[in-house]
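Since the structure is predicted, the reported quantities are computational estimates derived from the model, not experimental observations.
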Amino acid sequence: MREERALGAPAEEGTSGPGRVLVAVYGTFALAAGARAGVQLATRFSEAPVAYLLSAFAAVVYVVATVGLARGPRGRRLALAAITVELVGVLVVGTLSLADRAAFPDETVWSAYGRGYYFVPLVLPVLGLLLLRRNRAQKSPPPKSPPPKSPPPTSP
């Protein structure tokens with residue numbers, strides 16, 4: 001059941017300010033990558049199946065990251081896992097697509113580090129990880145201080 005917030009109460013961490021912008025960008029990329037992959041898989045699958053399946057995989061990763069980020073602190077682990085997979089995917093696919101162009105006859109969302117999307121796929125996971133790190137640092141409880149020492153007994 002969803003908790004109601006009082007009018008004017010701060011939103012959950014990660015769901016306001018930069019967190020909301022990041023959720024919107026991830027949601028947009030989930031739609032863009034999913035639509036692109038859907039069209040490619042439906043109409044030209046035989047031309048570059050690996051590239052098109054990678055675009056579909058990227059879309060799923062973006063959806064998972066969007067859900068994790070939108071849930072705020074409760075979705076932190078999910079977002080962290082998805083964004084880490086995304087960063088590794090962008091770096092690996094980006095490198096392979098430049099090193100062996102024959103393996104990728106058509107571009108994926110992550111080809112050439114996201115060049116087709118103005119390198120946003122390369123920058124997005126870095127921003128996501130920074131946001132998660134910042135939110136974690138803000139949420140960390142203060143260090144516990146040792147219990148006060150009792151004064152030494154006084155002798156009469």
Side-chain angles (χ1 to χ4, degrees), residues 1-5 7-141:
M1 181 173 263
R2 195 173 172 160
E3 293 181 25
E4 295 296 321
R5 291 187 299 119
L7 187 60
E12 280 188 89
E13 258 180 70
T15 59
S16 64
R20 282 191 182 181
V21 172
L22 210 56
V23 168
V25 173
Y26 266 103
T28 301
F29 264 77
L31 288 172
R36 177 183 183 154
V39 169
Q40 290 171 328
L41 289 170
T43 61
R44 302 188 328 239
F45 179 75
S46 61
E47 293 175 22
V50 172
Y52 303 150
L53 289 171
L54 280 171
S55 285
F57 177 72
V60 170
V61 170
Y62 288 132
V63 167
V64 173
T66 303
V67 169
L69 288 169
R71 291 184 69 199
R74 296 171 302 170
R76 185 180 189 289
R77 284 186 183 163
L78 182 64
L80 182 62
I83 293 171
T84 302
V85 167
E86 175 194 5
L87 181 59
V88 170
V90 170
L91 294 174
V92 170
V93 172
T95 302
L96 290 175
S97 66
L98 293 174
D100 185 9
R101 294 183 191 266
F104 295 92
D106 200 357
E107 288 196 356
T108 72
V109 176
W110 294 339
S111 291
Y113 307 108
R115 179 177 52 206
Y117 290 91
Y118 303 103
F119 300 101
V120 173
L122 180 61
V123 175
L124 197 57
V126 174
L127 294 176
L129 291 172
L130 287 173
L131 178 78
L132 290 172
R133 182 177 177 205
R134 188 192 81 177
N135 287 348
R136 183 174 184 222
Q138 289 176 351
K139 189 73 172 173
S140 296

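- Closest non-hydrogen pair, Tyr26 versus Glu86, comes out as OH-OE1, 2.5 Å.
- The closest side-chain heavy-atom distance from Val109 to Val90 is not below 4.5 Å.
- A 4.5 Å side-chain heavy-atom check between Leu87 and Leu124 finds every atom pair outside the cut-off.
- Scanning both residues, Ala51 and Phe104, for their nearest heavy atoms gives CB-CD2, 4.4 Å.
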Self-check item: Criterion side-chain contact (heavy atoms from CB on, under 4.5 Å) on Tyr52 and Thr43, from CA distance to verdict
Solution: CA-CA 11 Å; Tyr52 303 150; Thr43 61; over 6 Å; no
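- Rounded to the nearest 0.5 angstrom, Tyr62 OH and Ile83 CD1 are separated by 10.5 Å.
- Taking all atoms of both residues into account, the shortest heavy-atom contact from Leu69 to Ala79 is N-CB, 3.8 Å.
- More than 12 non-hydrogen atoms from other residues, nucleotides or ligands lie less than 6.0 angstrom from CZ of Arg44.
- Here the shortest heavy-atom pairing between Pro105 and Glu47 reads CG-O, 3.7 Å.
- Distance check: Leu80 CG to Arg136 CZ gives 9.0 Å after rounding to the nearest 0.5 Å.
- Shown here for Glu107 and Gln40, the closest heavy-atom pair between the two residues is O-NE2, 4.0 Å.
- Counting only heavy atoms from C-beta outward, the side chains of Trp110 and Val92 never approach each other to under 4.5 Å.
- Using a distance-only test at 3.5 Å, with no hydrogens or angles considered, no donor-acceptor pair links the side chain of Ser55 to the main chain of Ala37.
- When only modelled atom types and interatomic distance are considered, Tyr113 and Thr95 share a side-chain donor-acceptor pair under 3.5 Å.
- Between Ala59 and Gly34 the shortest heavy-atom distance is CB-N, 3.4 Å.
- In this structure, Leu53 and Thr108 have side chains that are not in contact, with every pair of non-hydrogen atoms separated by 4.5 Å or more.
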